[in-house]
2 protein chains.
Amino acid sequence: MGHGIKALVFDVFGTLVDWRNSVAREGEAWGGPRGLKVDWYAFADAWRGAYHPSMDKVRKGERPWTILDILHRETLDRLLDQFGITGLTEDEKDHWNRVWHRLTPWPDTVPGLLALKPKFILATASNGNVGLLLNMAKNAGMPFDTILSAELCQHYKPDPVMYRSLYTFLGLKPHEVLMTAAHNSDLVAASKQGLSTAFFPRPTEYGPAQEKDKKAEHDFTFVATDLIDLARQLRAI
Amino acid sequence: MGHGIKALVFDVFGTLVDWRNSVAREGEAWGGPRGLKVDWYAFADAWRGAYHPSMDKVRKGERPWTILDILHRETLDRLLDQFGITGLTEDEKDHWNRVWHRLTPWPDTVPGLLALKPKFILATASNGNVGLLLNMAKNAGMPFDTILSAELCQHYKPDPVMYRSLYTFLGLKPHEVLMTAAHNSDLVAASKQGLSTAFFPRPTEYGPAQEKDKKAEHDFTFVATDLIDLARQLRAI
């Protein structure tokens, strides 16, 4: 094929793991026995809904560099109040905040990564902090060779610095690095920095009513149905 | 045991891989057929001998941050001249410089890491740049969960910033991180930043006449005979 890809770097939330069902199911399992009447899918959506706005304050320099664990916690404290969930100890709040360290992979994620691993360097390329991603990878069995994160360059995606940090740290040429995501905007931003791009959809990431990112909207290097299909296109299966 | 260790972070050159024999043997295999009369052990020792002085210029601020691949290459260019090795193409020089990406692990390294992997987060804690360490890990089958490197904080060991970056990136308390090395000075510097410490000797790292680092000279958290013994002490075997 002559694609020259040496490393795959992955968006994580949504692309590799199913944050919405993971957060909601853990909420139901925790809140049910406590008799809490909470719409945990709404809770998950609200938590994720604060993701971009909270990072944007950092990206625009309205506050100094802050890792995602702290942004998540600030949102959680607000949501607990908003959803009327009271009386949690500090340890319980911390455990809840770390639900983002325990997200469940989509069914094709781990088999796809395992197939790709012998032929390619595999790394995250996520706005999650290193500790969060490392715990998630260990917990879910996602066999990355290393964790690359916005934390390492103190710039959140889609800042160009973040994409450039990926090939710089890997010691590779931009086109040798394949940014892999289920989000068109992430790949467009990566492409502007010279990275190769791979898209596959996660049509229910945001729930059954999801409208965006159902398909590739640009001319990416690879367009696949899921990670296993991408591994096949890369001749790793 | 109640040691509370959650992650092991490893010095790499000397502790996990045998740089001296790796470089010398590759020199012999390459130089022999070309009729070169070079003492490749002296060549390896001279190359490694420039390691600390070259990093010290960066550490003292005499030059801006420079990754180890570049420091290695500057030394290589000087040594090729000094050892009378001439006529190499740029590709050959680059391949030679990347001998540091192809170092061979000591016999207990990979089995030790594999035993530790299910129970602990495993990371490098090396002055090697990320790309170098990643290629080395992939080539040697060393199953790290992530690559932590001086490159990520732009401070070479033994700068305190480098040791503090390890537990910061991992999201752990200092004592939960076990700095593991065959070098007393590395561990003393790590200990000053609150990390737990593990020593085992590599008595021939510098060749048969090695005098230093034959044994633990301080009261480290763990003292072992090799990585497998350390894994046993940590109840991972």
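In what follows, chains are A, B, ... by sequence order, proteins preceding strands, each numbered from 1.
- In this structure, the side chains of Leu113(B) and Phe120(B) stay at 4.5 Å or more apart for every pair of heavy atoms.
- Leu103(B) contributes atom CG, which lies 7.5 Å from atom CG of Leu132(B) (distance to the nearest 0.5 angstrom).
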Just list the donor-acceptor pairs under 3.5 angstrom between chain A and chain B, please.
unit_1: Lys117(A); atom_1: O; unit_2: Lys138(B); atom_2: NZ; d: 2.7
unit_1: Phe120(A); atom_1: O; unit_2: Lys138(B); atom_2: NZ; d: 2.7
unit_1: Gly131(A); atom_1: N; unit_2: Phe169(B); atom_2: O; d: 3.2
unit_1: Lys138(A); atom_1: NZ; unit_2: Lys117(B); atom_2: O; d: 2.7
unit_1: Lys138(A); atom_1: NZ; unit_2: Phe120(B); atom_2: O; d: 2.7
unit_1: Lys138(A); atom_1: NZ; unit_2: Asp145(B); atom_2: OD1; d: 3.3
unit_1: Lys138(A); atom_1: NZ; unit_2: Asp145(B); atom_2: OD2; d: 2.6
unit_1: Asp145(A); atom_1: OD1; unit_2: Lys138(B); atom_2: NZ; d: 3.3
unit_1: Asp145(A); atom_1: OD2; unit_2: Lys138(B); atom_2: NZ; d: 2.6
unit_1: Thr146(A); atom_1: OG1; unit_2: Thr146(B); atom_2: OG1; d: 3.1
unit_1: Thr146(A); atom_1: OG1; unit_2: Ile147(B); atom_2: N; d: 3.0
unit_1: Ile147(A); atom_1: N; unit_2: Thr146(B); atom_2: OG1; d: 3.0
unit_1: Phe169(A); atom_1: O; unit_2: Gly131(B); atom_2: N; d: 3.2

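- Taking 4.5 Å as the limit, every side-chain heavy atom of Val9(A) sits out of range of all side-chain heavy atoms of Leu178(A).
- From Ile5(A), atom CD1 reaches atom CG of Leu116(A) across 11.5 Å, with rounding to the nearest 0.5 Å.
- With a threshold of 4.5 angstrom between heavy atoms, Leu134(B) approaches chain A through side-chain atoms but not through N, CA, C or O.
- Comparing Leu148(B), Ile67(B), Leu152(B), Leu133(B) by how many heavy-atom pairs each has under 4.5 Å with chain A, the most go to Leu152(B).
- The ring pair (Phe, Tyr, Trp, His ring centres under 6.0 Å) search around Phe220(A) returns His218(A), not counting sequence neighbours.
- At a threshold of 4.5 Å between non-hydrogen side-chain atoms, the residues Phe13(B) and Met136(B) count as touching.
- Side-chain contact between Leu230(A) and Leu8(A): present, with at least one pair of heavy atoms (C-beta onward) separated by less than 4.5 Å.
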